[in-house]
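First comes the structure, then the notes that go with it.
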There are 2 protein chains.
Amino acid sequence: MPKSTFFRLPEERRARLVHEAIAEFADRTYAEASLSQIARRANIPKGSVYQYFEDKLDLYRWLLTEEAPRLKRAFVGMPSPEGDFWTRFDDFVERGMAFLVEHPRLARLSAAAADPTANPEVRGLHKAICEAGLQELRAVLEVGAERGALHAPDLDVATRLVATIIGPGLTDVVLQELGAELHEVLASDSLRKRLGPKRRRALAHQAVDFIRKGLGSGKPERRKET
Amino acid sequence: MPKSTFFRLPEERRARLVHEAIAEFADRTYAEASLSQIARRANIPKGSVYQYFEDKLDLYRWLLTEEAPRLKRAFVGMPSPEGDFWTRFDDFVERGMAFLVEHPRLARLSAAAADPTANPEVRGLHKAICEAGLQELRAVLEVGAERGALHAPDLDVATRLVATIIGPGLTDVVLQELGAELHEVLASDSLRKRLGPKRRRALAHQAVDFIRKGLGSGKPERRKET
DNA sequence: TCGGCATGCGACCGATCAGTCATATGACCG
DNA sequence: CGGTCATATGACTGATCGGTCGCATGCCGA
């Protein structure tokens, strides 16, 4: 938790610090990210940063558990319970992709919870965030299961598999589509514009279709041609 | 590429170094991993390590592109082209899981290619490895598509989605099943034994079934009960 | 026995980091 | 004015890192 001083900060200064911190933690690992660097870039002396936060982890935790979710909620909003399950799910995924493209730094920060790290405290934090995300997704899928739109032998397993698809999986697909690395997308505003809403929609739909129907055809397999 | 001295090393010394290096790079990020630590643990002076490798990256590259694939091939072997596509694919996935459980450090090292990092050289290395893995998987899926066992609107997209399922996705499921963190599994020999071949098989099959049939039932959705 | 060469080795270097601390500043109060 | 208190600030600490360097060691051929 930030110190009380942080909340009494002039808006401009606080915004600058948070902005640079997000930038730093978005394109470096927690271990690689440097508090000195953040302070330098935000033009705030390092000593001052320690007036606002207990330590590096405190700042990171604040971004991960408060700033990012707040900004994400503001962008994504809440899912409406109308329409049939798969249509709603499609919307859900597409809005996630929109967030990824419109706010790559925030998306990356949220996804950082999947990053490996040797620091046990950071691991704990990441785990908690992952778990929360899975819970949320599980709740969504549960509705589908109750309505009979979705069938899984083990909903926990299914939730995890679906999570990797609409998370790292779709991110990977988007990057391929853009022909760029995550790093380049984070750095370039123009690059992300290359993925218009139309194509975005198509990719989301393709992923959802995969989740829904799989790749098997149900038809009998053609024998190996002679 | 290691220096020639490395290849002239007494077997025991080389093995010790490689072993400790794998251990270090398996449970820390490249950035977090410490060459000093590796040298210390292998009981080899740091100066000597620099007689064998150009630098930290050189050692890492060697492990990632030579040691890990060699040991993995030795364990997994090559897929046999007999049987129908989905049966073979099931085997393929199950052997991957066996590797994960029997040699978690090597599996983790191979998976490290998906780790984010700020170092451009490491990113390049990781990208190359990912790309190679995707090519391999794509070739497998192509066979399925040709035989009509598999249908995807875009095979590249499908390959990437499948890759995240049988990679990070299944790893995540296995960890949940073991009720442990990746770190604990890497450290404890006894822990991994808890996932017997039977349950392993069941999980692999469940994942493949998901890939094959998806979660949708095809049945019409039951309307929200009043 | 000697000389040269590959290798072993660990002290050392410069850089960077997270985090601390003593001092400076300046707003507000009496 | 004087005093107090929150805050600003950057020099400093101690640790670790990747990488280098120069000396020590020991093998091999003459």
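Heavy atoms only: backbone and side chains are in, while hydrogens, waters and symmetry mates are out. Below, read A as the first sequence line, B as the second, and so on, with proteins coming before strands; counting in each chain starts at 1.
Residue A33(B) is classed as a sugar-phosphate contact, given heavy-atom separations below 4.0 Å to backbone atoms only. Nucleic acid contact class of S48(B) (heavy atoms, under 4.0 Å, all strands): base. Among the heavy atoms of the strands, none lies under 4.0 Å from F6(A). Backbone-only contact: Y52(A) has heavy atoms under 4.0 Å from sugar-phosphate atoms and none from a base.
If you measure from atom CG of N119(A) to atom C1' of dA18(C), you get 12 Å, rounded to the nearest angstrom. Taking atom NZ on K3(B) and atom P on dC5(C), their separation rounds to 18 Å, with Å as the unit. Nucleotide dT23(C) holds its P atom 16 Å from the CD atom of Q51(A), rounded to whole Å. Computed from coordinates, the R16(A) CZ to dA8(D) C1' distance equals 13 Å when rounded to whole Å. One can place CD of E54(B) at 9 Å from P of dT20(D), the figure rounded to the nearest angstrom. Distance, F53(B) CZ to dG19(D) P: 13 Å, rounded to whole Å. Taking atom CZ of F25(A) as the reference point, atom C1' of dA18(C) lies 11 Å away to the nearest angstrom. Note: CG (L9(B)) to P (dC9(C)) measures 11 Å, nearest angstrom.
Residue-environment remark: CZ (R201(A)) stays at or below the threshold of 12 foreign heavy atoms within 6.0 Å.
Note: F6(A) and W62(A) have perpendicular aromatic rings, judged against thresholds of 30 and 60 degrees for the angle between ring planes.
For S34(B) and dT16(D), the shortest distance from a side-chain N or O to OP1 or OP2 is not below 4.0 Å. Between dT7(C) and R13(B), no contact under 4.0 Å exists linking OP1 or OP2 to a side-chain N or O. Taking only side-chain nitrogens and oxygens, R8(B) never comes nearer than 4.0 Å to OP1 or OP2 of dA6(C).
Two rings, from Y60(B) and H126(B), have their centers less than 6.0 Å apart.
Residue K46(B) places a side-chain atom within donor-acceptor reach of the base of dG18(D), judged by atom type and a 3.5 Å distance cut-off alone.
Closest to the side chain of S36(A), out of dA8(D), dT7(C), dC17(C), is dC17(C). Nearest nucleotide to the L35(A) side chain, out of dA18(C), dT7(D), dG19(D): dA18(C). Which of dG19(C), dC17(C), dC17(D) sits closest to the side chain of R40(A) comes down to dC17(C). Closest contact between the side chain of T5(A) and the listed nucleotides dT7(D), dG10(C), dG18(D) involves dT7(D).
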Trace of the salt bridge (charged side-chain N to carboxylate O under 4.0 Å, His left out) decision for R88(B) with D91(B)
CA-CA 5 Å; R88(B) 277 176 42 211; D91(B) 277 3; over 6 Å; no
Under the criterion side chain to side chain contact (heavy atoms under 4.5 Å, CB included), I'd like the reasoning laid out for V174(A) against L195(A): C-alpha separation, chi angles, the key distance, then a yes or no.
CA-CA 8 Å; V174(A) 168; L195(A) 191 71; 3.8 Å; yes
